[in-house]
Structures are given as C-alpha cells and as structure tokens.
Amino acid sequence: MTHITIDGIDFDASKGSTILDVAKFLGLEIPTLCYDEGLSAWGGCRLCLVEIGTGKRTRLVSSCTYPVEEGLVVRTATKRVIDARKMVLELLIAQCPTSKTLQDMAAKMGLDKVRFKPKWEDCIYCGLCVRMCEEQMNAKAIGFANRGEKLKITTPFNINSEDCRKCGACIYICPACTLRCDGPNPENVLCGRCYNDLQPTCLDVSDDYNCWMGLKYLNVESTGFGAVCPSPHIEASFITPPNSSRRSKSSSLPLPDIQNAPGYGCENGVR
Amino acid sequence: MVSTIIEDAAVRHHGLLIPVLQEIQEHYGYLSEEAVKEVANKLGMKISDVYGVASFYTAFSFTPKGKHIITVCNGTACHVRGASRAVDILSEELGIKPGGTTPDMQFTLETVACLGCCAIGPVVVADGKYHGNMTPAKVEKLLLNLRKGESIEKDKICV
Ligand code: SF4
Ligand code: SF4
Ligand code: FES
Ligand code: FES
C-alpha cells in the first residue's frame, strides 16, 4: 500500500496504480483523451494533468502515467491545472475542430475561445487507434509514420495492409472520427453547443437517442433533462438526418462499410 | 538478393533493425516495399514497426535515388553564408527540387539542417565527400566534375 493525499483525501493506494486510477476510484473527475482502460497508458494528450508536490515545489504531471509514490500530494483541480488543461484543449481543437469528442470536452470545461489558427486536420495523434490495433486486435496494421510536421497514422506504404483484420476498432476508438454535427455554424472552430451547455453532452445525447443531434425525438417536454432546449438556432431545416460522411459514435447508426471502403474505411484516410 | 543481404546483415548486427535497414539502403539506394516486408519477416517484427522506423529517419528513402547524391546543408550557419544560392543553382541546373531525383536517375538533390561542420559552410556533400565554402562558382564546378564522372573518394573532406 502506498499512502497518498489527493485533493486533501488521505488514501492508501495499491502499489503500481496511477494517480488517475486513484482519482477514478474516489470519483474525482479528471478529463482524459488518449487514455483508455483497455489499453496501455501513453501520456500523449496531456489533458489529464494534475499538480503534485507541496509549497513552491509543485509541478504538473500526466495522471494517467504517473504511478503513486509514498507521501505523494496531488491536487487535481487547481487553477494552474485547469489553465493548463484548457490550453491543451485549445490546441487540440485548433488542430481538429470537427471532433465531437473535443467539442464536448470544450463545453464541459467552459472553453469559450480558441486563440490558435484552426488547422482542420483529421487526427490529433492521440495514438488510440495504434494501441487499439496492436493491443486489442493484435494486428499492428497501422502505426505512426514520418515525424515532425509530416507525422501521420498510416499503414505501411499507405496501402492496404495484409495485417488489418478490418475490424473497425481503430475507427471506433478514434476521437476525431466522432464528427461534430453540421450545426448552426459549422465553420466555427467551436461548435454551437446546442445541447452542450447542459449535461449530458452532445455525444451522450446522440448515443441515447440515436438521432441527429438528439433532436429528432426530443422536444421540450420529453428531454428528460428537465430543461428547455437552450439553443436559439434550432430550426426545422437544421434537423436533418446525418449525412453519410458524418459519423456518430452511436452503435445503432450504420457502421461504415469497412470491407468495401477504399483504404481503411474512413474517407479521411486510414483509420 | 534482398533476403540474403538481410539475413547476412541480421546476423552481423544481432537482429538490430536500423543497421540492417542501413545496409539495404546502402546497397540498393532505397528501401523497397519488398525489402521492408522481408526485413520485418526476418527480424520477427510487424511491417508497420519497420515502416515507422524507416520513415522516421531521412537517411532512409522509399524511392530509388540517383547515382550521385548531392546534399546541401541548409542549417543556420550555412544558410546565412548563402547555402540557398547553392540550392538554387543545383535545382536549376538539374531541373529538380530538393528531395527530387533527375529522370535519368543520375542525381538526387537533398538538403539537411547542419552537418556539424559549420566552420567550413556553406557545405555541399557529393557522394559522401564534403565540400566546404561553396561559392556559386565552386558549386558549378562540382556539378561539372560529377557530370564528367570524375572519380570521387568517399568520406573525404576537401575545403
Ligand atoms: S480495422 Fe485494421 S487497422 Fe483498424 S484496428 Fe482493426 S486491424 Fe487495426
Ligand atoms: S486517427 Fe484518431 S485515434 Fe488515431 S491517433 Fe488520430 S485521432 Fe487518435
Ligand atoms: S489521458 Fe493522460 S495524457 Fe492523455
Ligand atoms: S549549418 Fe551547415 S554544417 Fe552546420
């Protein structure tokens, strides 16, 4: 057992667990992106930053990779932590504003501006797909290639890989593949947040109701969230069925036709 | 044969990936798809791993390179001493951009960021031979010599 203090709570953590494990156990919320319970921790996105140490000697570490140590003092929600996370998220959104996962996070964290030039890329290099393919699918069909600006996720030589099982797991786990809706202002770096100003978030809504924006079957009475739809933007024209190139993480939406797709089942390239 | 080279190299380098790739690169001037697959196979690795490493380093290339490889240093020191002029001249003379290979497979033009010999910049490396203080005139002369097929000693420095 390792004794740590996390947000003022004294806790005996089992050896080898990470700060994130403990926080989860105690119900302390830490946002994560490149972390998944079924995969090895990677520490790539830096969204799960927490502050460790006391007095003037504190520093930020990624909680998903930091193993607990005796006497460790952790704070998960100081101003420094929140600011750092927001900055990270701002950068991630600038890279890939089309990700619904990121937009939801932004809404949750109250991010209301993005100061960086949007790049509209379709990957944030979280490495989830690569680890998924390797660790769960045992295929290792995709990997990081090149470096620096040219870094990308791809199959060897950018062509169909014989190692790929066409399982679609990489697409399933990809946070950039959960495309945000064409909402009121698709050109905006931050989405309209029709539902995002409330909990549950956009992703939860579309998952539960399997509908475009969660709006088709939802109206003021039946939201179940006890709230009048906050969005002034919603008009009939806006409630359109998802166009096929836009995917939701919902399991009931038709899965992409991986078998017949060029490359790996994602129009954006290899996923 | 690719496979014999790989087997041989794999034994000599105790199955280490990068030296094996280096030998293939040296021998064939590039890493073919076949070679990468073969290496993965021989070393018991996944192709995506080999590809990841090979694509990381600029020393490896997936496309065939020319007979003569001309590398111009465009690091800070060489740049301020006018390396861009050397690049311009070579690009114009050869009709290719940096990174390109002439259609007759004679020349490949590359740029790098610092070769570690800034004192003699701007530096141009032609087939492993370092040429320092490269004025436009010297660049032209170098190219002429290469075209004439003058024999070049490898890894020699000439200032
Ligand atoms: S679809 Fe292919 S690349 Fe994606 S996780 Fe499955 S095996 Fe890996
Ligand atoms: S393709 Fe998706 S899962 Fe893979 S690294 Fe990029 S954003 Fe992450
Ligand atoms: S979740 Fe910890 S760094 Fe991404
Ligand atoms: S900058 Fe050219 S050798 Fe250092």
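Heavy-atom basis, side chains included; hydrogens, waters and symmetry copies ignored. Order of the sequence lines sets the chain letters (A, B, ...), proteins ahead of strands, with each chain counted from 1. Model, not experiment: these values are computed from the prediction.
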Checking an interface table here. Which of residues 40-57 of chain B come within a heavy-atom distance under 4.5 Å of chain A?
K46(B), I47(B), S48(B), D49(B), Y51(B), G52(B), S55(B), F56(B), Y57(B)
In chain order, what residues pass the salt bridge (charged side-chain N to carboxylate O under 4.0 Å, His left out) check against E37(A), with sequence neighbours excluded?
K24(A)
Okay, D163(A) and chain B: the region with an atom under 4.5 Å from a heavy atom over there is side chain
Heavy atoms from other residues, nucleotides or ligands near CZ of F25(A) exceed 12 (cutoff 6.0 Å):
no
Step through the shown structure and confirm whether more than 12 heavy atoms of other residues, nucleotides or ligands are within 6.0 Å of NZ on K65(B).
yes
Can you list every pair that meets salt bridge (Lys or Arg N to Asp or Glu O under 4.0 Å) and has a residue in residues 82-93 of chain A, with sequence neighbours left out?
K79(A)-D83(A), E90(A)-R115(A)
Mark yes when over 12 heavy atoms from residues, nucleotides or ligands other than H13(B) sit less than 6.0 Å from its NE2; otherwise mark no.
yes
Contact listing (chain A partner; residues 91-104 of chain B; heavy atom under 4.5 Å)
none
Which bit of F144(A) is near chain B, if near means a heavy-atom gap under 4.5 Å: side chain, backbone, both or neither?
backbone
For chain B, which candidate among G148(A), G143(A), A139(A) shows the most heavy-atom pairs at distances under 4.5 Å?
A139(A)
